[in-house]
Protein chains: 2
Amino acid sequence: MKEAGKPKGEPRGAATPGLRPGGRSARVQATVHAAVRDLLAMHDRSELSVPQVAARAGVTPSTIYRRWGDLQELLADVALERLKPETDPIDTGSLRSDLELWLEQYREEMSSAPGAALIHDVLASIDRPLGAAQCCTFSKQQFAVMTARAAARGEAVPDLDTIVDVCLAPIVYRILFGDTVPGAGYVEGLVARLLAGLEPRPAR
Amino acid sequence: MKEAGKPKGEPRGAATPGLRPGGRSARVQATVHAAVRDLLAMHDRSELSVPQVAARAGVTPSTIYRRWGDLQELLADVALERLKPETDPIDTGSLRSDLELWLEQYREEMSSAPGAALIHDVLASIDRPLGAAQCCTFSKQQFAVMTARAAARGEAVPDLDTIVDVCLAPIVYRILFGDTVPGAGYVEGLVARLLAGLEPRPAR
DNA sequence: GGATAAAAGCAAATAATTTGCGTTAGTGGG
DNA sequence: CCCACTAACGCAAATTATTTGCTTTTATCC
């Protein structure tokens, strides 16, 4: 029996944000995250357990349980951090190629087994569907940078939600549901569809 | 430690298909499925455990472990069955309204907490990403029925993959990633976007 | 009907998770 | 700078979940 979901007394924080930004707490978090990354890189994820992570991180299992709740939450936390973009999207001079480049790179990365695992981990978090939302926010922020630049150049730009719907969602959907794997030229088609709907002003 | 993923000796089957279609095996499967559904309807999913399901189903836990592996696999199996459409999509006379009706119903159902949980459960299955693919296949089969009817009426019909990309993927994406929740009129917009790309080629 | 083997039951062994309590170490007030 | 305060950690016992070896039941095929 895990724990009821209703009257939870907030024992576990979101881990990343500041519970006690200070020394030890942050140190433990970093160590545990590193341990997860290492173990994930070495063994198969089916042989990953909380006690194992704890041992490698040099903390007791109860520390992890108290702070993250269970393995899924911990994995989601780690995955979210890895999904956070570290740099702004490359500026190629046009929205079309900016999008094509970024989306193609995203597709490439998330089509791989480890990439898909990241998305799965983020989605698996039960107590915190916030993680998935944040993951989506990351992408939208990247799109926002691109459209801002495009708008500054005088290009007509689509809505952020529309970019997500037309270009990002299909990629993610196909990865998650293992539908026909997107091949070369797929991303170009999505972007073309997005930009084709620009001048004609679709209802929204 | 769960079990390695590579050299698995096929101890657990896909559960639903025929390992031993006959009497007892099928009976146990039905009982266990029912137990999961009942418990899921009663308590919160955080207080759902294999031993609990076993107790309610009147089987020993080891039976469940041997057959499904773990709780996630079992939940995925149950969810997949519930996601299987039991009837053909309603024939309203046009592809546009057929799609609008079906997608709106899908959106409505999967936006709810229990609906979203079904999708999550299907995706959570590790040993069997096939479940998710099958889930996608269900939807495509529904679309196939609609487009076949439309084609018989002489309507121009889009590709199945295109329907998934343009109409289904955005809905699922928004549900999973908790992005801005789709409101009224959302589905109509998606279908409009899909069908807009059909006849009016001249648009330039 | 009887041989065969898959699937289930049972129970002991192992591993994971929870929990109470004492200890360590950031944080804020004097 | 020192002290009180408390969040977060460590430790270990208690609980619960999972695995596993072996036996028994029961479909399935001759």
Side-chain angles (χ1 to χ4, degrees), chain A residues 1-5 7-33 35-36 39 43 45-75 77 126-127, chain B residues 1-5 7-33 35-36 39 43 45-75 77 126-127:
Chain A
M1 206 172 297
K2 291 278 177 65
E3 180 178 329
K8 191 180 329 158
E10 324 300 327
R12 70 188 59 143
T16 312
L19 299 189
R20 272 228 181 178
R24 186 162 67 159
S25 193
R27 210 156 47 236
V28 167
Q29 143 128 356
T31 315
V32 170
H33 273 220
V36 170
L39 290 172
H43 314 319
R45 82 187 307 98
S46 54
E47 21 191 348
L48 188 71
S49 68
V50 170
Q52 193 185 16
V53 172
R56 179 166 242 269
V59 301
T60 60
S62 64
T63 292
I64 295 181
Y65 285 120
R66 277 206 244 260
R67 197 152 159 186
W68 282 278
D70 61 12
L71 187 59
Q72 282 195 337
E73 295 293 323
L74 173 57
L75 286 176
D77 196 37
I126 309 178
D127 286 338
Chain B
M1 214 169 296
K2 291 280 174 66
E3 181 178 329
K8 191 179 328 158
E10 324 301 327
R12 68 189 61 144
T16 312
L19 299 189
R20 274 224 180 183
R24 184 164 69 159
S25 194
R27 210 158 45 237
V28 166
Q29 143 129 355
T31 314
V32 170
H33 273 218
V36 169
L39 290 172
H43 315 319
R45 83 188 305 98
S46 54
E47 23 192 347
L48 188 72
S49 68
V50 171
Q52 192 185 18
V53 172
R56 179 166 241 270
V59 302
T60 61
S62 65
T63 293
I64 295 182
Y65 286 119
R66 282 211 162 88
R67 198 155 157 182
W68 282 278
D70 62 11
L71 187 58
Q72 283 195 338
E73 294 294 323
L74 173 56
L75 286 176
D77 195 37
I126 308 176
D127 287 336

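Every value quoted in this text rests on a predicted model; they were computed, and no experiment measured them. Convention: sequence-line order gives letters A, B, ...; per-chain numbering from 1. Reckoned from all heavy atoms, side chains included, excluding hydrogens, waters and symmetry mates.
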From CA spacing to verdict: side-chain contact (heavy atoms from CB on, under 4.5 Å), D70(A), V50(A): CA-CA 8 Å; D70(A) 61 12; V50(A) 170; 5.9 Å; no
Nearest heavy-atom neighbours spanning A35(A) and V53(A): CB-O, 3.9 Å
Step-by-step side-chain contact (heavy atoms from CB on, under 4.5 Å) determination, R67(B) to L74(B): CA-CA 9 Å; R67(B) 198 155 157 182; L74(B) 173 56; over 6 Å; no
Rounded distance (Å) that lies between atom P of dT18(D) and atom CD of Q72(B): 11 Å
T31(B): partners by side-chain contact (heavy atoms from CB on, under 4.5 Å), with sequence neighbours left out: A57(B)
Options dC9(D), dT18(D), dC10(C), nucleotide nearest the side-chain atoms of V50(B): dT18(D)
Rounded distance [0.5 Å steps], CZ in R66(A) versus OG1 in T60(A): 8.0 Å
Restricting to nitrogen or oxygen on both sides, can you table the protein-nucleotides 21-25 of chain D pairs closer than 3.5 Å?
from	atom 1	to	atom 2	distance (Å)
dG21(D)	N7	R66(B)	NH2	3.2
dG21(D)	O6	R66(B)	NH1	3.3
dG21(D)	O6	R66(B)	NH2	3.2
dT25(D)	O2	R24(B)	NH2	2.9

Value rounded to 0.5 Å, distance of CD in Q52(A) from CG in L39(A): 5.0 Å
Among dA17(D), dG9(C), dC9(D), the one nearest V28(A) by side-chain distance: dC9(D)
Nearest-angstrom distance from the residue atom CD of E73(A) to P of dT18(C): 12 Å
Nearest-angstrom distance from the residue atom CG of L48(B) to P of dT18(D): 11 Å
Value in whole Å for how far the P atom of dC11(D) lies from CD1 of I64(A): 14 Å
Five-pair end axes of the helix from dG1(C)-dC30(D) to dG30(C)-dC1(D) and the angle they enclose, rounded to 10°: 50°
4.5 Å side-chain heavy-atom contact, L48(B) and L75(B): yes
Nearest to side-chain heavy atoms of Y65(B), which nucleotide of dA8(D), dT18(D), dG9(C): dT18(D)
Distance below 4.0 Å between T63(A) side-chain N/O and dG10(D) OP1 or OP2: yes
Integer-rounded Å distance: dT18(C) C1' and R67(A) CZ: 19 Å
Short side-chain N/O contact from R27(B) to OP1 or OP2 of dA27(D), under 4.0 Å: yes
Taking every non-hydrogen atom, the tightest pair across E73(A) and W68(A): CB-O, 3.0 Å
Derivation of the side-chain contact (heavy atoms from CB on, under 4.5 Å) call for D77(B) and V36(B): CA-CA 10 Å; D77(B) 195 37; V36(B) 169; over 6 Å; no
Under 4.0 angstrom between S49(B) side-chain N/O and dA17(D) OP1 or OP2: yes
Nearest-Å distance for atom pair CG/P, residues D70(B) and dT19(D): 8 Å
